[in-house]
Amino acid sequence: MKKMRNVFILLSLVLLLLFSAACGSKEPAANGDNNSGGEEEEAIVIAGAELGEHKITVAKLKEKYNPVEEDVVSVNSSGNENEYSVKGALFSEVLENLGINQKDLPAIRFVAGDGYMMEVPKEVLEARDIILAYEINGEPLHEKTKPIRAIVPGERSMYWVRNLVKIEILEAATAEAVSKLMFLESVVSSMEEHDYTYYESIDKAVLCKKLPLPEEDDTVYLKSSDGLDKNEKAEVFLNEGYIKITGEASPAYLSPNLPKGMHVKELLWVGKADVGILSVEQGLKYFTPVQKGEAEGILITDIFQEVDMADSEKYLFTAVDGYEVEISKDDLAKGVVFIKDSGEVTVMFDGLPKNTTVKGLVTITALEN
Amino acid sequence: MPKNSTIKIALLLLGAIILGALLREAMFKVAAKKTTTSYVPALQINGDIKNPLTLLDEAEFDSVDFEYKGERKRGIPLASIIQSTEPITEKHEILFIGEDGLSALIDGSNLDGCHILLSENGWEAINLLHPVSSNVKRLKEIIIIAPDAPLNFGVNIISQTENLAYFTPGQLYKETGVQMPYFEGTSTVTNDGGQNSVSIFTRRQLYPLRDLVDFSEAEQFVVMGAKGETLYTSDPGFLQVNKNFLNYFSLDRENEIIENVKGFMIAPPSRSITDLYHDTLHYLQRDEKVLLLFLDGFGYHQYEYAKENGYIPFLSTLPQAEKALSVYQPVTNAGFAAMITGKTPDENGVYSRDQMDLKTPSIFAMAKQLGKESALIEGHIKILNTEIEPVLNIDLNGDGKNEDEIYSTALEYVKDANYDLIMVHFHSIDDAGHSYGDLHENTMEQLKVVDGYVRDLVEAWKGKVIILADHGMHSTEDAGNHGEFRYEDLIVPYIIAEGGRIE
Ligand SMILES: [Zn+2]
Ligand SMILES: [Zn+2]
């Protein structure tokens, strides 16, 4: 009995000392902020063109979303690592609540209270979790880090923006506008043709590397008239590829050295940098043909919308024989493109003088304003 | 008595004060250390291990006392650190890398006397029983290197006929890499004066594939990742070590990163097993009937060997098989799914034995769209969930095999004029390959049996026939297996023929 009491006293004393020790040690590590009442005011804004501005308070982040806790290692630009345990809400869940899927976003930008901004690209958004952290190492954020610190486990610390006040959803980095649009049927008419064995038949094809495409940009965009599209590595497209121009499924992007899954049948158009090449034959299937005067064909305006033609006051229409016609932006809606019985790609403008009709149309160029 | 008890209490109090003071000091030590954690450099333990480790604190492991140059020291036994990382193989080497780039390699089989401690020299390795040169100060990384790690752990460099080289993450550290600046992004600061942008680059340690293997002649390559990512390229690119796995990437196209890359094939065949979908669709659209004979686990090298040695008299009468590339991982589910969807595993969702559901439509759905009747004839269990229910076959006659039942069922369907598309899955070549080995006499005999089944089915069919395999088979010490990035598993025969009897 007596022994136990002694132990009890000892324990209480030790506890007392421990407590004071704990208090003493807390001071140097203290955060300088125990004011949890300020949380009501602390908020971040999520902004986007379609979304508008959404303000979310830190208190709401804590209350509404499952807290995630994770041990993370940050690596700074000189390669030094630091380990933290962080607690916060998942950005993807916040987005989900706004009807947005993180993986679908083209890019976001973190904006800090001091004006620092950091763009987060699509690859990171697709592959990583983003934690909107409100606690680090079991303690509320430091005054300078509040209201939120972005944590992107697995990514460099430059994305781990402190004092995060705003997250902007960026628009898709649109592919470069087309300033020179060509017509495949006219383009290939002057190109060397090669035999291409396609199942039972021997068809004709042209080499992709001989197409009048610019050097810039290392991807090639390909779209089929069934609506499917893909990006191909330019080096693969140019080194290995053919455009088959006769027979089944033509025009088709093919290569005898590539699996068939990489081929594109019934090719509507090909784009590289600011040049596009469109098949009128496939266009007649893809767009709704329109009757304009005597001609039935594809509206120039439909084509321009599809390829994202560069905006200009004037466009130059050029034929294979060098004939040129300048058309103003306002007259574009009058134009239709079709294939004559002779096989020539032709553009005709309903209501404009006859000499604006271009037979053997090969190029439309957006003229510098 | 009371006096005694007073002394006791006094002693107790004294004891408590001393103990308290000690504890207090200890706590301060902990606290002080906590606040300086960020100044302690991290020690990385990476390489051919299951659990990479970042060591920031000695207290994460139990330390022991030892004597070094007449001084008492305290450190963590290296063996306990290594053990916690779970090396891939029992036999391994350990590479110490210092901040100055100085490194030392020791054999991992005997780690007695090896300690890791935190001193004024940062992390330090003191190896009492190894040469003094193995004692590295300002340690940055410890790399575990497994010379005999299983092929699936690292990256394999192969051609259509040869497995050329193999590197694990650990082994790559012994190679000479290059430091390359890598553009990470741009950050911007707004001041009163306007905006200031800075481009951030990090330096990455990369290993050019050109330096690892000589392939001066080749112009095309295919790279595959663990999830079945498949990239055709004419630029060989680089490998990068990420703790315990490897990434592939090319510098000029920053988007082209394959995480956890498994293999790199030089001059791949133009055919892929995914062609099956496209070829079948082509024939169906032309109103031709198609019979697909899926011979499980039948590698191209087995086809060639069997043809030379007379085991496949019927297949030898057909046009010479083309080489087709399987997918990673070359196992039944992934190969089968790639064949019938025309897509690689990263797109169709089936990249190992663990997935059954297709994310993209199969040839059976396309056939249905075209108003065609199709049938899938398999063994006793369903392998994938497809748009049609398979016809399953059990061993009815009790001969220990269901291959003969599959054959009988298939023959009935083939003779039934209602079917436009029939796929038959024979699996006994794979079974024999696993049991005996890819080129074993028994495997070849089984191939001969299947060759007979194939003959009867092709002769009874009116339409196109495509014969192919999901993956191949390689020899192991005791029998055979597949599922690795190696030519025996990845290159399979692909035959297109006409049905009917050859007169
Ligand atoms: Zn199989
Ligand atoms: Zn198998």
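Only heavy atoms go into these numbers, but all of them, side chains included; no hydrogens, no water, no symmetry mates. Reminder, nothing fancy here: chain letters follow the sequence lines and each chain counts from 1.
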TODO: May I ask you to check whether over 12 heavy atoms, not counting those of A:K122, lie within 6.0 Å of atom NZ?
DONE: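 Atom NZ in A:K122 is crowded, with more than 12 foreign heavy atoms closer than 6.0 Å.
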
- [ ] State whether the number of non-hydrogen atoms from other residues, nucleotides or ligands found under 6.0 Å of A:K144 atom NZ is greater than 12.
- [x]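 Atom NZ in A:K144 is not crowded, with 12 or fewer foreign heavy atoms closer than 6.0 Å.
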
Open item on the list: With rounding to the nearest 0.5 angstrom, report the NZ to CG distance, A:K265 to B:L281.
Closed with: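 If I round to the nearest 0.5 Å, the distance is 6.0 Å.
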
- [ ] Could you tell me the separation between the OH atom of A:Y199 and the CD atom of B:E288, rounded to the nearest 0.5 Å?
- [x]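 Atom-to-atom, A:Y199:OH and B:E288:CD are 11.0 Å apart.
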
Task: Among B:D275, B:T230, B:T344, B:L325, side chain to side chain contact (heavy atoms under 4.5 Å, CB included) partner for A:P259 - done: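 Exactly one candidate clears the test, B:D275.
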
TODO: Give the minimum heavy-atom separation between A:V236 and B:T233, together with the two atoms involved.
DONE: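 Nearest heavy atoms, A:V236 then B:T233: CG2-CA, 4.1 Å.
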
TODO: Below 4.5 Å from any heavy atom of chain B, which atoms of A:Y198 appear? Answer side chain, backbone, both or neither.
DONE: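 The side chain, not the backbone.
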
TODO: Side chain from CB out, backbone as N, CA, C, O: work out which of these in A:N239 comes under 4.5 Å of a heavy atom of chain B, or both, or neither.
DONE: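 Side chain of A:N239 only, per the 4.5 Å heavy-atom cut-off to chain B.
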
With a 4.5 angstrom heavy-atom cut-off, which part of [X] approaches chain A: side chain, backbone, both or neither?
X      : value
B:Y283 : side chain
B:D279 : both
B:E259 : side chain

TODO: May I ask you to name which of A:E248, A:E200, A:E83 has the most heavy-atom pairs under 4.5 Å with chain B?
DONE: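 Ranked by heavy-atom pairs under 4.5 Å with chain B, first place is A:E200.
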
Task: Pairs of heavy atoms under 4.5 Å with chain A: top-ranked of B:K343, B:Q285, B:R286 - done: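 Heavy-atom pairs under 4.5 Å are most numerous for B:R286.
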
Task: Partner of B:S234 under side chain to side chain donor-acceptor pair (under 3.5 Å), chosen from A:K233, A:E240, A:E235 - done: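 That would be A:E235; it is the only one of A:K233, A:E240, A:E235 passing the side chain to side chain donor-acceptor pair (under 3.5 Å) with B:S234.
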
